[in-house]
Structures are given as C-alpha cells and as structure tokens.
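Each remark here refers to the structure printed beneath this line.
Treat the numbers as computed from the prediction; the structure is a model and nothing was measured.
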Amino acid sequence: MGDNFEAGTLPEATNFIEQIINEDIATGKLRPEQVQTRFPPEPNGYLHIGHAKSMFVNFGTAAKYGGKCNLFFDDTNPSKEKTEFVDAIRADIRWLGYEWARECYASDFFTPIYEYAEQLIQTGKAFVCDLSAEEIKNTRGTLTEPGVESPYRNRTVEENLKLFREMRAGKYADGEKCLRAKIDMASPNVNMRDPVIYRILHASHHRTGDAWCIYPMYDYAHPICDYLQGVTHSLCTLEFEDHRPLYDWVGQTLGFSPKPRQIEFARLNITNTVMSKRYLKKLVEEGKVHGWDDPRMPTLSGLRNRGIPAAAVRDFCSRIGIAKAQSECEYSYFEACVREYLNAHAERAMGIVDPLPLTVVNHEGEEELDFDKNPTDEGAGVRKVTFGKHLFIERSDFSLDPPPKYFRLKKDGVVRLKNAYIVRCEGWNTDAAGNVTEVLCSYIPESRSGSDTSGVKAKGVIQWVNADACVPAEVRKYESLLRDAEYGGQDFSERMNENSEHIFLGCAEPYLAEAAEGAPFQLLRTGYYKTCREKGGLVLSEIVSLKDNFNKK
RNA sequence: UGGGGUGUAGCCAAGCGGUAAGGCACCGGAUUUUGAUUCCGGCAUUUCGUAAGUUCGAAUCUUGCCACCCCAGCCA
C-alpha cells in the first residue's frame with residue numbers, strides 16, 4: 001500500500017483532498033510522512049459500505065504519503081454506544097484490509113477535553129447556561145433571523161467555573177444546565193450561535209462507566225481529539241461543512257498549533273441501497289433480518305457473508321472517486337467490481353440448485369476428469385471431477401417446450417456437459433402429473449473435453465454433478481426483501497426505483513450459495529443473472545427464483 | 001427569503017486559459033467447452049446547468065440567473 005515517490009517530490013494528486021495536502025506540503029506546513037488522518041466511527045452500529053469509502057479515503061490518503069491513520073472511536077454519547085459495536089467495527093476494518101496506527105477513543109481524552117473547557121471559561125469564551133433545551137431552541141433564531149443571547153451569557157468567570165465544576169460533580173440533573181461556547185448569536189451560521197459544548201448526562205459510558213456525568217458534544221470534542229492525536233487532515237463528509245467554522249474556532253481559541261484541518265468529501269450513495277444506520281438498526285432490532293451480518297444487509301459483515309471479497313469492495317471505492325458533488329452510484333458499478341474480481345480469482349465449482357436426474361444410458365463405470373479451478377488463471381490448478389452414469393443437471397437446463405434461442409438441453413437436442421462429454425437427449429420420464437422426473441441421454445465418447453474428435457457441435461454448455469459422488473449443498477433461502485415503505489416511510493420509499501418491485505438492501509448476486517458444511521462458495525453464473533435482470537428487472541433474493549424467472553421468458 | 005456547498009454523457013468522474021481522460025451501463029461485431037470471460041468498434045464536436053462578458057482562444061476567468069443538496073439536537 002502507498003505509492004512510492006522520491007524524497008523531495010510530491011505524489012501526484014488524484015483527487016482534491018490530495019491537492020490540498022500537496023499544497024500544504026509545498027508551502028512547508030508539513031512533510032509528507034507527517035500526514036495523519038483518522039477513521040472516526042461512532043460505535044453505535046455496524047460498519048456499512050459507506051464506511052468503506054471513508055476508510056478508503058482516510059487510510060488510503062495516509063498511506064499514500066507514508067503517514068498514519070488512527071482508528072478513533074467517537075464515543076461522546078454514552079446513551080447510544082456499546083462495546084459490542086467497537087469489537088465488530090475492529091473486525092470489519094481488518095476484514096476490509098486496513099491497519100490503524102493507533103486505536104483511541106474520544107473517551108481517552110475526556111480529562112483534557114474537560115480541562116480545555118475550563119480554559120475556555122477562564123478566558124471568557126464559554127459560559128454555563130441554565131436555559132432548558134426548549135428555551136435554547138427558541139432563542140437560537142431561525143435561518144433568517146438572529147438568535148437572542150442567553151441571560152446567563154455574562155456570568156463571571158468565577159461563577160461559570162463554580163457551576164461547571166458542580167455540573168461535573170453531579171450536582172445537577174440532566175438538562176438542568178449546559179456549557180455553551182460564547183461566539184455570536186447573530187451569526188448567519190447557526191452552528192456558531194453559542195453552541196452547547198457540554199451536556200449533563202447521568203448515563204453509564206461503555207468505557208468510563210460512571211466516572212463522568214457530563215459529556216462533550218461532537219463539535220467541541222472532535223477538534224480537540226484530532227489535535228491530541230496529531231491529526232493533520234480531518235477528512236469527513238459534506239454535512240460537516242457548516243461545522244468547519246466551529247471546528248476552527250475551537251482550534252484557534254485553544255491555541256492549537258499546528259491546527260488540524262478539516263476537509264469534507266461527498267459520502268457514498270448507491271441506488272436502492274439503504275445507507276442509514278438508523279434504518280439498518282431498526283431492521284435488526286425488529287428481527288426483519290437475522291442480524292447486522294445478514295447477507296441482505298449492506299454492512300461489511302453482510303457483504304462478507306454474501307461472499308463478496310474485501311478486495312472487490314476496496315476496488316469499488318478506488319474506482320468511484322472522491323469529490324464534493326453529491327452523487328449516487330448505480331448498483332451495477334459495484335456489481336461490476338465484484339464480478340471482475342470474482343472472475344479473476346474465484347475457484348469455479350459446478351453446482352445444482354434444483355436437481356433433475358440425468359442418466360447416461362450408454363456409459364458404464366466411472367472416470368475422472370480434470371476441471372480447471374479457474375480458466376482465467378493457469379496457476380489455479382485443476383480439481384478431479386467424477387463422471388458416471390447417474391448425474392444431476394439443473395431442472396431449468398432441460399426444456400420440452402424451449403423458447404427461441406434456447407441453447408441448453410431439449411427434446412432431440414445435444415448439449416455439452418461442461419468439461420465432460422456432449423450428450424444427446426434420447427427420452428425422459430415423467431410422473432403422474434406430467435412433470436419430468438428423469439432425462440435419458442446418450443453420450444458421445446469421442447467428444448470428451450480437450451480431445452473432441454466427434455465433429456458434433458453443441459451450442460449449449462451446462463453444469464452437472466455426479467449423483468453418486470456429489471456433496472450435498474444447501475442454498476440459503478431468504479425471504480424476499482422489504483416490499484414496501486414500511487421501514488422509514490417516505491425517505492425509504494424514495495429510494496425505490498420506479499421499475500423495481502422490491503426495495504432491497506443490496507442483495508442481488510446470484511452466486512451466493514452455501515455448502516452444507518457452512519463453507520461459502522460461488523456459483524458464477526453471471527450470464528443467467530444478467531439475462532434475468534434484463535428481462536424482468538427484478539431484484540432476486542436467491543438462486544432458485546433467479547432461475548425460475550429466467551425460464552419465464 | 002440567511003448561511004454553506006454542488007452542477008461535465010443514463011451513472012461515477014478527470015480536467016485548473018490552448019481546443020472534452022477513464023470507468024460503469026448501453027449498442028454493434030469477432031472469438032469462446034461457463035449465453036460468462038476476452039477481444040475489436042460505437043457512445044458529449046452547434047458540447048461542460050444557463051445567459052452575457054473578458055480573450056486570438058473559455059468547461060476552465062468575470063458577472064447575472066436557474067437547479068439541486070446541507071444547516072435552526074443538550075446526535076454524530
């Protein structure tokens with residue numbers, strides 16, 4: 001990781017963030033290896049693919065300059081945060097393939113953050129306010145009108161200090177008082193209208209327990225934590241642009257040098273994919289999914305369980321770019337990255353989801369055939385596959401009433417059994433209801449893969465497994481995904497495509513299957529998948545419905 | 001109606017005064033023992049939200065206008 005560049009030269013900037021950093025380096029503010037970032041999740045849920053972009057930006061930028069990136073848990077609100085989430089976050093970062101220089105928490109800095117608050121009070125830059133939350137709201141003004149100053153704004157330093165210490169000592173109830181920065185109630189930027197920087201919260205913190213009953217607000221704590229960690233460039237998403245003046249105010253007022261610099265970029269959005277922790281949490285809590293790592297979830301652990309390689313996620317992040325324009329990627333872009341990676345790296349296996357017995361009437365005994373594990377990679381090697389008289393093929397690969405351009409097995413037709421022989425349909429058996437229960441075929445001995453001298457042309461190639469030697473597999477079936485705007489109402493439903501029947505959380509790959517032993521493998525039948533999607537535009541939750549849908553037309 | 005941002009193809013996105021990169025998607029065609037892959041070709045040329053202006057020359061500079069996003073938590 002990290003591009004190499006000669007000492008004294010700057011790496012080529014590939015996005016606006018790197019341009020800014022290059023300028024900072026060029027103007028002597030810092031040396032490349034001093035670049036430091038941080039990935040700052042709040043431990044109140046699992047990481048999702050949107051976080052993957054943030055990690056790519058933060059870890060990637062630091063690596064590019066030979067600098068460092070910390071893992072920083074933003075745990076300033078004990079009412080929402082849990083240790084379970086910090087463990088899961090750590091695991092997901094490692095799975096994605098990133099390593100942090102240092103792991104720290106906002107709570108590590110509670111003491112200095114508190115001391116800085118006293119410093120603000122001493123210098124007359126903060127005051128204890130007795131207004132209720134409601135009153136503060138009512139005096140903040142509106143977007144077009146200035147706010148009015150708190151009647152407590154001009155308390156003496158001594159009184160403020162006394163009150164603040166009493167707040168810390170637990171003398172007051174939640175919401176009874178708060179500490180506010182003294183900035184400008186008439187600022188056109190609402191964030192600067194004497195923002196609350198400390199609130200009273202008699203809640204147990206997942207790390208500090210009951211040591212504190214006052215907790216700093218994000219806007220106040222973040223610049224301090226950045227500074228104390230040595231962060232030089234604090235990369236965050238666009239919605240914090242309005243907060244940058246406050247970020248800078250804290251740094252300047254407290255005399256930080258060098259002062260960390262906040263740079264904002266657009267967060268990741270993907271069509272039809274819910275990227276809101278709030279809704280994901282709701283799905284989990286209401287039991288609509290099996291958990292945060294349900295394969296239908298856009299969480300990193302969900303993607304992992306879906307069989308999506310971390311490298312593909314990283315590749316996706318690198319290809320979508322980093323910019324400030326609000327945007328929404330098509331899901332197909334992500335799929336392309338996954339397919340590309342899987343095609344190059346995934347070992348191929350034949351699998352049958354809906355088995356139909358096929359008997360090779362003129363074949364006796366068994367024989368071993370070589371099967372390339374990955375035809376795009378010579379080094380992948382081969383596996384032995386046993387061919388015999390009794391096979392299974394996919395039910396949908398045989399048709400008595402084939403649609404036009406049906407290349408697979410049909411009445412009186414031939415098809416190649418992948419990597420084995422060409423077979424000709426000789427007949428079939430049905431049950432009382434007329435359903436096909438068995439296909440009878442003859443094989444052409446001269447058509448063996450790799451040494452075909454038969455001269456017979458088979459347009460179609462289908463998968464098969466040996467009925468006597470195959471490993472039982474189980475395709476995990478999931479209920480089709482959310483069907484209406486039940487979750488999240490309007491916001492959620494707005495994410496629906498006009499054409500899609502289901503809202504989905506991103507589950508669409510047909511190559512999810514799970515072996516009985518629990519080892520996931522991929523069925524890389526992207527052809528079916530594409531075809532199906534073009535025809536129906538449906539969101540598919542598992543392989544069976546995918547193939548059924550394919551057969552419909 | 002205040003402030004902060006953003007507008008380049010269906011979707012991402014380069015471009016930073018010298019005559020519109022690349023990827024995804026899509027459309028042709030070739031090869032193919034995965035209808036996959038691979039490969040070739042096409043895909044903004046009265047055009048860079050729009051209207052004027054500066055300039056030999058503008059997506060790039062100036063001005064006006066339009067559209068969209070974010071902000072009035074003791075959330076992050």
Side-chain angles (χ1 to χ4, degrees), chain A residues 14-15 19 40-42 44 74-77 79-81 106 129 131-134 136-138 140-147 174-180 187-193 195-201 214-215 217-219 221-222 236-245 264 266 268-271 277-278 316 319-337 339-340 342-344 348 350 372 375-376 405-408 415-422 447 449-450 452 458-463 523-531 534 550:
Chain A
T14 58
N15 60 56
Q19 283 181 8
E42 182 186 11
N44 66 345
D74 216 333
D75 57 350
T76 55
N77 186 351
S79 63
K80 292 185 176 179
E81 297 142 8
C129 184
L131 257 25
S132 69
E134 184 68 18
I136 288 179
K137 180 179 178 177
N138 293 337
R140 189 164 10 238
T142 68
L143 295 179
T144 53
E145 302 160 42
D174 290 3
E176 197 175 334
K177 294 186 190 312
C178 65
L179 186 69
R180 291 226 258 166
S187 171
N189 181 343
V190 198
N191 294 306
M192 300 297 272
R193 318 235 262 232
V196 172
I197 60 176
Y198 254 103
R199 79 281 220 183
I200 299 172
L201 215 53
I214 58 172
Y215 294 92
M217 301 290 289
Y218 165 88
D219 280 323
H222 210 88
C236 64
T237 44
L238 250 27
E239 65 267 30
F240 292 104
E241 281 181 311
D242 286 338
H243 298 241
R244 182 161 16 103
E264 310 85 9
L268 172 64
N269 292 300
I270 299 177
T271 52
K277 241 190 233 178
R278 189 183 138 215
F316 171 64
R319 287 166 70 170
I320 55 177
I322 302 165
K324 294 195 74 163
Q326 188 271 350
S327 61
E328 185 176 65
C329 280
E330 286 177 351
Y331 194 84
S332 61
Y333 205 162
F334 178 58
E335 291 176 312
C337 295
R339 258 187 280 120
E340 194 174 299
L342 250 21
N343 183 54
R348 308 304 151 81
M350 292 194 288
D372 285 335
T376 71
K405 296 196 174 178
Y406 184 85
F407 298 156
R408 291 165 280 160
V415 75
R416 171 165 299 274
L417 296 179
K418 183 169 172 54
N419 215 255
Y421 297 93
I422 293 176
S447 67
S449 279
D452 186 347
K459 180 74 175 166
V461 181
I462 64 173
Q463 295 193 36
L523 293 176
L524 196 65
R525 301 297 297 264
T526 49
Y528 284 170
Y529 173 47
K530 278 185 73 172
T531 305
E534 283 159 12
F550 178 79

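The gap from the P atom of B:rU8 to that of B:rU50 amounts to 10 Å, rounded to the nearest Å. Nucleotides B:rC69 and B:rC75 are separated by 27 Å at their P atoms, to the nearest Å. For the C1' atom pair drawn from B:rU60 and B:rA14, the interatomic distance equals 13 Å after rounding to whole Å. Taking atom P on both B:rC56 and B:rC11, the two are 37 Å apart, rounded to the nearest angstrom. The same atom, C1', is picked in B:rC24 and in B:rC43; the two are 13 Å apart, to the nearest Å. Annotation: B:rU62 and B:rG23 have their P atoms spaced 32 Å apart (nearest Å). Nucleotides B:rG73 and B:rC12 have their C1' atoms positioned 33 Å apart, rounded to a whole Å. Comparing the C1' positions of B:rA36 and B:rG17 gives an interatomic distance of 47 Å, to the nearest angstrom.
Atom NE2 of A:His243 is separated from atom P of B:rC75 by 13 Å (rounded to the nearest Å). Following rounding to the nearest Å, A:Glu328 (CD) and B:rA13 (C1') show an atom-to-atom distance of 16 Å. The distance from atom CZ of A:Arg416 to atom C1' of B:rU33 is 5 Å, rounded to the nearest whole Å. For the pair A:Lys80 NZ and B:rA76 C1', the interatomic distance rounds to 7 Å; values are reported in whole Å. Atom CG of A:Asp75 and atom C1' of B:rA76 are 12 Å apart (whole Å). Note: NZ (A:Lys324) to P (B:rC16) measures 19 Å, nearest angstrom. For the pair A:Asp174 CG and B:rG73 P, the computed distance is 19 Å after rounding to whole Å. Atom-to-atom, CD1 of A:Ile462 to C1' of B:rA36 comes out at 16 Å; the value is rounded to the nearest Å.
Along RNA chain B, the nucleotide nearest to A:Ala336 and the one nearest to A:Thr76 differ in position, and the one closer to the 5' end is contacted by A:Ala336. Residues A:Lys418 and A:Ser132 both approach RNA chain B. Their nearest nucleotides, taken by heavy-atom distance, put A:Lys418 toward the 5′ side.
Put simply, the side chain of A:Asn189 and the base of B:rG4 share no donor and acceptor less than 3.5 Å apart.
Rounding to the nearest 0.5 Å places NE2 of A:His222 at 8.0 Å from CZ of A:Phe240. Here the CD1 atom belonging to A:Ile422 is positioned 5.0 Å from the CG atom belonging to A:Asp452, to the nearest 0.5 angstrom. One finds the CD atom of A:Glu335 at 12.0 Å from the CG atom of A:Leu342 (value rounded to the nearest 0.5 Å).
Here the side chain of A:Leu143 is nearest to one of B:rC70, B:rA76, B:rA72, namely B:rA72. Of the candidate nucleotides B:rU33, B:rG3, B:rA13, B:rU33 has the atom nearest to the side chain of A:Asp452. For A:Glu241, the side-chain atoms get nearest to B:rG5 when compared with the rest of B:rG5, B:rC11, B:rG35. Checking B:rG2, B:rU37, B:rC74 against the side-chain heavy atoms of A:Thr376 singles out B:rU37 as nearest. Looking at the side chain of A:Gln326, the nearest of the listed nucleotides B:rC12, B:rC71, B:rC69 is B:rC69. The side chain of A:Arg319 lies closest to B:rG23, out of B:rA25, B:rG23, B:rC70. Distances from the side chain of A:Pro188 to the nucleotides B:rA13, B:rG73, B:rG3 place B:rG3 closest.
No engagement by A:Lys459 is indicated, since no non-hydrogen atom pair under 4.0 Å with the nucleic acid exists. If you check every strand for non-hydrogen atoms under 4.0 Å, A:Asn419 touches a base. Within the nucleic acid shown, A:Pro375 comes within 4.0 Å of at least one base atom, counting heavy atoms only. Backbone-only engagement by A:Asp74 is indicated by non-hydrogen atom pairs under 4.0 Å involving sugar-phosphate atoms exclusively. Contacts of A:Thr142 with the nucleic acid, taken as non-hydrogen atoms under 4.0 Å apart, include base atoms. Within the 4.0 angstrom heavy-atom criterion, base atoms lie near A:Gly450. Heavy atoms of A:Ile322 sit under 4.0 angstrom from primed sugar atoms or phosphate atoms, though from no base atom. In this structure, A:Tyr215 reaches neither bases nor backbone, as no heavy-atom distance under 4.0 Å exists between it and the strands shown. Using a 4.0 Å heavy-atom cutoff across all strands shown, A:Ala325 reaches sugar-phosphate atoms only and no base atom. Within 4.0 Å of A:Thr237, counting heavy atoms only, lies no atom of the nucleic acid at all. As judged by a 4.0 angstrom heavy-atom cut-off over every strand, A:Leu131 is placed among the base-contacting residues.
Residues meeting the side chain to side chain contact (heavy atoms under 4.5 Å, CB included) test with A:Pro375, sequence neighbours left out: A:Arg348. Listed by chain and residue number, A:Ala13 satisfy the side chain to side chain contact (heavy atoms under 4.5 Å, CB included) test with A:Gln19 (two or more places apart in sequence, or in another chain).
For B:rG3, neither phosphate oxygen OP1 nor OP2 lies less than 4.0 angstrom from any side-chain nitrogen or oxygen of A:Thr144. In this structure, A:Arg408 does not reach the B:rU33 phosphate: none of its side-chain N or O atoms is under 4.0 Å from OP1 or OP2. Contact check, A:Gln19 against B:rG15: a side-chain N or O comes under 4.0 Å of OP1 or OP2. For the OP1/OP2 pair of B:rG3 and a distance below 4.0 Å, the side-chain nitrogens and oxygens of A:Arg244 include no atom meeting the criterion. Listed pair A:Arg199 / B:rG73 fails the phosphate criterion, with no side-chain N or O lying under 4.0 Å from OP1 or OP2.
Of the possible donor and acceptor atoms, one in the side chain of A:Thr376 sits under 3.5 Å from a partner among the backbone N and O of A:Asn343.
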Inset, instruction - Quick one: the dot-bracket string of RNA chain B, using Watson-Crick and G-U wobble pairs with both distances under 3.5 Å, [ ] for crossing pairs and | for bases paired to another strand. - result: .(((((((.[[[..)..(...]]].(((((.......)))))......[[[[[..)....]]]]])))))).....
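Contact of the A:Val461 side chain with the A:Val415 side chain is not registered, since no non-hydrogen atoms from C-beta on lie closer than 4.5 Å. Here the side chains of A:Leu131 and A:Asn138 are not in contact, with every heavy-atom distance at 4.5 Å or above.
Residues A:Lys277 and A:Glu42 are not paired through a salt bridge, judged by the lack of any N-O separation under 4.0 Å between the basic side chain and the carboxylate.
Checking each of A:Asp242, A:Leu238, A:Thr237 against A:Glu264 for a side-chain contact (heavy atoms from CB on, under 4.5 Å) leaves exactly one that passes, namely A:Leu238.
For the 3.5 Å distance criterion, the side chains of A:Glu134 and A:Ser132 fail to qualify, holding no donor opposite an acceptor.
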